[in-house]
There are 2 protein chains.
Amino acid sequence: MQFSKSTDYAMHALIHLAHSERRHNVGIKELSATLGVSESYLSKIMSKLRQDGIVRAVPGVNGGYELARPAEQITFLDVIQVIEGRQQLFECSNSNSRQHGMLAEEGAARPGKSECLVEKVMDGAERHLHQYLRDHTIQSVLDEAFKRCGHEANKK
Amino acid sequence: MQFSKSTDYAMHALIHLAHSERRHNVGIKELSATLGVSESYLSKIMSKLRQDGIVRAVPGVNGGYELARPAEQITFLDVIQVIEGRQQLFECSNSNSRQHGMLAEEGAARPGKSECLVEKVMDGAERHLHQYLRDHTIQSVLDEAFKRCGHEANKK
DNA sequence: TTTATCATGGACATTGTGGGTCTATATTAA
DNA sequence: TTAATATAGACCCACAATGTCCATGATAAA
Ligand code: SF4
Ligand code: SF4
């Protein structure tokens, strides 16, 4: 139960893009050098981000990547779901066991709504997690970095 | 990013143990039959649960497993951490990149406290998730099952 | 004490996935 | 056109998840 390294890379790549939004089109070379990840691998990740509409890409001389929408509209959840996929946290694997009958259908022969109790808890956990991740964007990280930077400067 | 099947099995095994707490010592055979998982594999999972003090086990005739503490003191988080391990949700993999300098140490040469901003968000997410999972126990699932059962009975 | 019953641990096998490299191809600006 | 760049696919390897099988050890009942 851990986020993959790809997610880590994607986050940092986006942060870098957002940070150097001044002149557009940051190439894979620059990203690779900044993050310390091979161009080959990183380009795959960027490709995924493009397919899901997080970034735009233009090939050719002076090409590169740029954010497809403002950084405050790119949430942690967005990035994670692009890289990790949208599978849910918990997926029942033995819904035809004896347990299932006892826990989910509990006596009565409900039509369609089985409403599993274990899944209910787990889905709740997932919803909480997602809500939290939706409340934090690339921009919010940058903002905090700036705030701290300013704070440091003032102290000096 | 998904919980393993083993976690699923562990949850259901514990629910079964809690449900038939009347006569102690539920054997691996009964558990296996109830969950529809091979005895071999399930016994491994139970062994883990024992090592972490979730259940007790006694070998010999009429032996088996029983909860090591009341079901209301066994949280979802407990079970998940036993099976999945206690690694944190997010672990930075490139803390010596250029990014890191820009984001975490931001200008000043802080002594030990680097206080990464990305990790800060992720750890927050993890804390939220853990808190939620701590608030739900094996007993709470059983309670809801009973409540629903009673509700169904009353309606009839 | 013997024995049937049960849990435990280790040694495998299989499969899937994360993480990564390399190359050929398409696309664009100069 | 040409140089620079992104893209897609074919591979590779290591490791974890899932699972089986067997030898061993512990225990209570007979
Ligand atoms: S009760 Fe829920 S988690 Fe358990 S077997 Fe049924 S659907 Fe799956
Ligand atoms: S800023 Fe945080 S997440 Fe990024 S490299 Fe540094 S420690 Fe890791």
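Every chain is numbered from 1, with letters handed out A, B, ... down the list of sequences.
Non-hydrogen atoms lying under 4.0 Å from DNA chain C are contributed by A:Ser40, A:Tyr41, A:Lys44, all within residues 39-56 of chain A.
Note that the first and last nucleotides of DNA chain D, 5' to 3', having any atom under 4.0 angstrom from a heavy atom of chain A are D:dA3 to D:dA10.
Of all the heavy atoms in B:Ala10 and B:Ile45, the pair that sits closest is CB-CG2, 3.9 Å.
Comparing B:Ser38 and B:Gln87 by the nucleotide of DNA chain D that holds the closest heavy atom to each, the one mapping nearer the 5' end is B:Gln87. Heavy-atom nearest nucleotides on DNA chain C were determined for A:Ser6 and for A:Gly60, and the one closer to the 5' end corresponds to A:Ser6. If you find the closest nucleotide of DNA chain C to B:Lys29 and to A:Ser4, the one lying nearer the 5' end belongs to B:Lys29.
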For this session: Step by step, work out the side chain to side chain contact (heavy atoms under 4.5 Å, CB included) result for B:Val26 and B:Ser20.
Result: CA-CA 8 Å; B:Val26 177; B:Ser20 51; 3.8 Å; yes
For this session: For salt bridge (Lys or Arg N to Asp or Glu O under 4.0 Å), just list the numbers for B:Glu144 and A:Lys120, CA-CA rounded to whole Å, side-chain angles, deciding distance to a tenth of an Å, and then say yes or no.
Result: CA-CA 11 Å; B:Glu144 268 214 61; A:Lys120 197 173 149 198; 3.1 Å; yes
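Applying the ring pair (Phe, Tyr, Trp, His ring centres under 6.0 Å) test to B:His130 and every residue at least two apart in sequence or in another chain returns nothing.
The shortest side-chain heavy-atom distance between B:Gln81 and B:Asp52 does not fall under the 4.5 Å cut-off.
No engagement by B:Val37 is indicated, since no non-hydrogen atom pair under 4.0 Å with the nucleic acid exists. When heavy atoms are screened at a 4.0 angstrom cut-off, A:Phe3 is found touching no nucleic acid atom at all.
At whole-Å resolution of the value, OH in A:Tyr9 and P in C:dG19 are 8 Å apart. Atoms CD1 (A:Ile28) and C1' (C:dC22) sit 15 Å apart, rounded to a whole Å.
Judged by distance alone, the side chains of B:Tyr41 and B:Ser6 do bring a donor and an acceptor atom under 3.5 Å apart. For B:Ser140 and B:Asp143, the side-chain atoms include no donor-acceptor pair closer than 3.5 Å.
Of the listed residues (A:Leu31, A:Asn25, A:Leu14, A:Val58), just one forms a side-chain contact (heavy atoms from CB on, under 4.5 Å) with A:Tyr65, and that residue is A:Leu31.
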